[in-house]
Amino acid sequence: MAWVVKIKIVFIATILLVGKLAACASGYTYEKRETDGHVIHIVSINPKDYAIEIIKANNGAIGRESVPSMAARTHAEIAINGGFFEIGASGDGMPSGTLVINGRQYGLKDQIQPLVLIDSGVMSIVLSKPQNYMKSSIFMISGIPLLIIDGEIFQDLATKDGEFYTKPHARTAVGSKPDGTIILVVAEHNYSKDLTAITMGEVQSLIKEKGDKFAKEYHRNNPGDITLNELKMILKQEYTSQSGTQGLTILELAGLMKELGCQDALNLDGGGSSTLWIKGKVINQTIGDKDEGNGLQMIRPVSDAIIFKKR
């Protein structure tokens, strides 16, 4: 019987080893942390296994596109939303900061700023003027603020007192470890809208976008048959995110990136833009379309994305 037990132990150990090798072979690891009211998604990526790019929505045209759509059309395995951008009117989808893709300038700020650089397939995070790195093959995107520099929390963060810094929000961040490992973080946050502040235009837009779905859910022949009480329930559902979680302040995000071993890290666009996509699936609870006019239960289209393709 002893040799049978040994065979079973060896067999089980082999299965566990194969499982570990399979996880390593994928080139990335994913972790979901649920603690102290937070839901945080963490991805560690080996740059030897994945090529990294920045892509613009709509194949470079001005406007917006969802992260899942951009990831799917570029055959990416992993993707996150990128930089901050303008919403509304003729400038909808224009980057608010710097965005350069293969040397093409979509936005360029002539000032020292935190930048994600991708040069010859290698990602770095710097505090510099983008003009110092301009060449035909460069990718760069700006974010605010810089979270970690040389392994330490950026000193200016301690003096910031605006709501953007001190209020919990959904967040997206990217960082790099000393060995080149790329860290992606997306933190969820529960949002709701004051139902008394919803406009008739927003209600009409919501019904136009999702009316058939609501009619089916409430067993109505068409959206016009939905009752007032049912509409109230719909509005409450659509304008309240479902995660029930507390987002992160900027200092909390910086502390997390340091804990994860980042040498440098940068905050990207957050809130309704925060989107993590892995192998055909949006991983986090998203909170909003392009302007929240159609409810929070949608994926917001954004200006650009950072994508990772298997080498």
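As a basis for the values below, the full set of heavy atoms in this structure was taken, side chains included, without hydrogen atoms, waters or symmetry mates. Along the sequence shown, residues carry numbers from 1.
- For the pair S303 (side chain) and G93 (backbone), a donor-acceptor distance under 3.5 Å is present.
- Judged by distance alone, the side chain of K56 and the main-chain N or O of G63 form a donor-acceptor pair under 3.5 Å.
- Looking only at atom types and distance, the side chain of E188 has a donor-acceptor partner in the side chain of H41 under 3.5 Å away.
- Side-chain contact between V302 and T275 is absent, with no heavy atoms from C-beta onward closer than 4.5 Å.
- No donor-acceptor pair under 3.5 Å is formed between the side chain of Q263 and the backbone N or O of S176.
- At a threshold of 4.5 Å between non-hydrogen side-chain atoms, the residues V100 and Y133 do not count as touching.
- Ring pair Y50/Y28 is perpendicular by interplanar angle, where above 60° counts as perpendicular and below 30° as parallel.
- Side chains of D119 and K135 form a contact here, defined as non-hydrogen atoms less than 4.5 Å apart.
- Side chain of D225 to backbone of R220: no donor-acceptor contact under 3.5 angstrom is found.
- Counting only distance, with no hydrogens or angles, the side chain of D304 and the backbone of I55 share no donor-acceptor pair below 3.5 Å.
- Using modelled atom types, no side-chain atom of Q131 and backbone atom of K129 make a donor-acceptor pair closer than 3.5 Å.
- For N59, the side-chain hydrogen bond (donor to acceptor under 3.5 Å, both in side chains) partners are R73, not counting sequence neighbours.
- By the 4.5 Å heavy-atom criterion applied to side chains, S142 and L115 are counted as neighbours.
- Judged by distance alone, the side chain of D36 and the main-chain N or O of H38 form no donor-acceptor pair under 3.5 Å.
- Checked by atom type and distance alone, the side chain of D269 never pairs as donor or acceptor with a backbone atom of N81 at under 3.5 Å.
- At a threshold of 4.5 Å between non-hydrogen side-chain atoms, the residues I299 and P68 count as touching.
- Checked by atom type and distance alone, the side chain of S136 never pairs as donor or acceptor with a backbone atom of G103 at under 3.5 Å.
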For a salt bridge (charged side-chain N to carboxylate O under 4.0 Å, His left out) check, start with the C-alpha distance between E252 and R171, then their side-chain angles and the critical distance, and finish with the verdict. CA-CA 10 Å; E252 288 173 336; R171 305 283 185 181; over 6 Å; no
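- Under the 4.5 Å side-chain contact rule for hydrophobic residues, I118 and V122 do not share a cluster.
- Of the possible donor and acceptor atoms, one in the side chain of K309 sits under 3.5 Å from a partner among the backbone N and O of T74.
- Between the CD1 atom of I141 and the CD1 atom of I101 there is a distance of 7.5 Å, given to the nearest 0.5 Å.
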